[in-house]
**Student:** 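For reference, the structure I am asking about is given below.
Values below: every heavy atom of this structure, side chains too, minus hydrogens, waters and symmetry copies.
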Amino acid sequence: MAGTRVKARGESVFAERFAVFAECLLTGVWIAVASLGVVTYPAAFAAGARHLRRRTAHEGGGWREFVADFRTALRGGWLAGVAGWAAVAAVWVDVQAVRAGIPGGPLVGAVGVVALIGLVVAGLRAAAVWEPGARWGTLLAHAGRRTVLDPAGSFLIVGGLAVVAVSAWFAAPLALPVLGAVAAAAVAVEERYRHR
């Protein structure tokens, strides 16, 4: 049952940390499956992050709770997904301007890519703190401020995204479970920021 404390099992620190790592990989697969709807990725990451927060707090929860959170997060999260794809399209146009040799294109392209990376980080930070009833616009506005005010944390999330990209380059199926590690990194960064 969601929200109930799970009895501590008396396992070693190594076993507990390995269990969290394994849970991250499983959650990555859940996130990948839930993101198949193209605009559902913000809700998928929000549900994944909430699942990992429950796991690290030793609260119960599994696939059913993930699906319930995903459905709840999807209510406003699909609009954030559409906005994300619109940002990707705008950066694609910038990159095409660079490739066409338009004067000022390289500067515009570089600014566009950096802005897109910032938006992705802000989106992950917003998903990491999502709770049922939260408004995505408010979450994204606050996450945007934290992205700028906490560059070290934002850089850690960018590093997690780089791991996904390298995993996909190395062997595409590896990118799916690693998505859970990115969600865990975003949760850890937000927890670190909260305790500063």
**Student:** Give, for atom CZ of Phe66 and atom CZ of Arg54, the distance between the pair rounded to the nearest 0.5 Å.
**Tutor:**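 Atom-to-atom, Phe66:CZ and Arg54:CZ are 9.5 Å apart.
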**Student:** So which heavy atom on Gly77 is nearest to which on Pro42, and how close?
**Tutor:**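 Taking Gly77 first and Pro42 second, the nearest heavy atoms are O-CG, 3.6 Å.
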**Student:** Check whether any side-chain heavy atom of Pro177 lies under 4.5 Å from a side-chain heavy atom of Leu26, and answer yes or no.
**Tutor:**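 They are not in contact (no side-chain heavy atoms under 4.5 Å apart), so the answer is no.
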**Student:** So, do Leu161 and Leu124 sit near enough that their side-chain heavy atoms are less than 4.5 Å apart?
**Tutor:**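 Yes; the side chains approach each other to less than 4.5 Å.
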**Student:** Has Tyr193 got a side-chain atom pairing as donor or acceptor with Gly153's backbone, closer than 3.5 angstrom?
**Tutor:**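 Answer holds: no.
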**Student:** How long is the straight-line distance from CD1 of Ile31 back to CG of Leu176, given to the nearest 0.5 Å?
**Tutor:**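 The distance works out to 10.5 Å.
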**Student:** Do any N or O atoms from the side chain of Trp30 and from the backbone of Leu25 form a donor-acceptor pair under 3.5 angstrom?
**Tutor:**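 Looks like no, no N/O pair under 3.5 Å.
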**Student:** Is there side-chain contact between Phe155 and Val121, with heavy atoms separated by less than 4.5 Å?
**Tutor:**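 Heavy-atom side-chain distance check fails, nothing below 4.5 Å.
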**Student:** Locate the shortest heavy-atom distance separating Leu179 from Ala32; write the atom from each residue and the value.
**Tutor:**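 Taking every non-hydrogen atom into account, CD1-CB, 4.0 Å.
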**Student:** For the CZ atom on Arg192, are there more than 12 heavy atoms of other groups (residues, nucleotides or ligands in this structure) within a distance under 6.0 Å?
**Tutor:**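 Enclosed: over 12 neighbouring heavy atoms sit under 6.0 Å from CZ of Arg192.
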**Student:** Could you tell me whether a side-chain N or O of Glu190 sits under 3.5 Å from a main-chain N or O of Val187, the two making a donor and an acceptor?
**Tutor:**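 The answer is no, because no donor-acceptor pair under 3.5 Å joins these two groups.
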**Student:** Which atom names give the shortest non-hydrogen contact between Ala122 and Ala143, and what distance separates them?
**Tutor:**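 Taking Ala122 first and Ala143 second, the nearest heavy atoms are O-CB, 3.2 Å.
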**Student:** When the aromatic ring centroids of Trp63 and His51 are compared, is their separation below 6.0 Å?
**Tutor:**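 Ring centres of His51 and Trp63 not closer than 6.0 Å.
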**Student:** How far apart are the C-alpha atoms of Thr72 and Glu131, what are their side-chain angles, what is the distance that settles it, and do they pass the side chain to side chain contact (heavy atoms under 4.5 Å, CB included) test?
**Tutor:** CA-CA 9 Å; Thr72 303; Glu131 291 285 340; over 6 Å; no
**Student:** Give a yes or no on whether Leu156 and Phe45 share a hydrophobic cluster (residues Ile, Leu, Val, Met, Phe, Trp, Tyr; joining criterion: side-chain heavy atoms under 4.5 Å apart).
**Tutor:**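 Leu156 and Phe45: one cluster.
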**Student:** Show, in sequence, the C-alpha distance, side-chain angles and deciding distance for Val98 and Val108, and conclude whether the side chain to side chain contact (heavy atoms under 4.5 Å, CB included) test is met.
**Tutor:** CA-CA 8 Å; Val98 170; Val108 171; over 6 Å; no
**Student:** Could Glu59 and Arg53 be called an ion pair, given the rule that one side-chain N must be under 4.0 Å from one carboxylate O?
**Tutor:**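 Between Arg53 and Glu59 there is no salt bridge, as every charged N stays at least 4.0 Å from the carboxylate O atoms.
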**Student:** Is the backbone of Ala73 close enough, under 3.5 Å, to the side chain of Trp136 for a donor and an acceptor to pair up by distance?
**Tutor:**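 Yes: the side chain of Trp136 pairs with the backbone of Ala73.
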**Student:** Grab the two heavy atoms, one from Trp85 and one from Val38, that are nearest each other, plus how far apart they are.
**Tutor:**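 That closest heavy-atom pairing would be NE1-O, 2.7 Å.
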**Student:** Hey, what else clusters with Leu107 if you join Ile, Leu, Val, Met, Phe, Trp, Tyr whenever side-chain heavy atoms sit under 4.5 Å?
**Tutor:**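 Via sub-4.5 Å side-chain contacts, Leu107 links to Val111.
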**Student:** Test: side-chain hydrogen bond (donor to acceptor under 3.5 Å, both in side chains). Region: residues 93-119. Which pairs qualify, not counting sequence neighbours?
**Tutor:**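 Those involving residues 93-119 do not exist here.
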**Student:** Taking atom types as modelled, find out whether Arg125 and Ser154 have a side-chain donor-acceptor pair closer than 3.5 angstrom.
**Tutor:**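 There is such a pair between these side chains.
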**Student:** Applying the 4.5 Å side-chain criterion to the ILVMFWY set and letting contacts propagate, would Ile117 and Leu119 be lumped into a single cluster?
**Tutor:**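 Ile117 does not cluster with Leu119.
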**Student:** Under the side chain to side chain contact (heavy atoms under 4.5 Å, CB included) criterion, do Trp78 and Tyr41 qualify, and how do the steps go?
**Tutor:** CA-CA 8 Å; Trp78 72 271; Tyr41 62 90; over 6 Å; no
**Student:** Are the side chain of Thr40 and the backbone N or O of Ala34 linked by a donor-acceptor pair below 3.5 Å?
**Tutor:**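 Yes; at least one donor-acceptor contact below 3.5 Å.
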**Student:** Could you work out, with side chain to side chain donor-acceptor pair (under 3.5 Å) as the rule, every residue matching Arg145, not counting sequence neighbours?
**Tutor:**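 Result, side chain to side chain donor-acceptor pair (under 3.5 Å) vs Arg145: His142.
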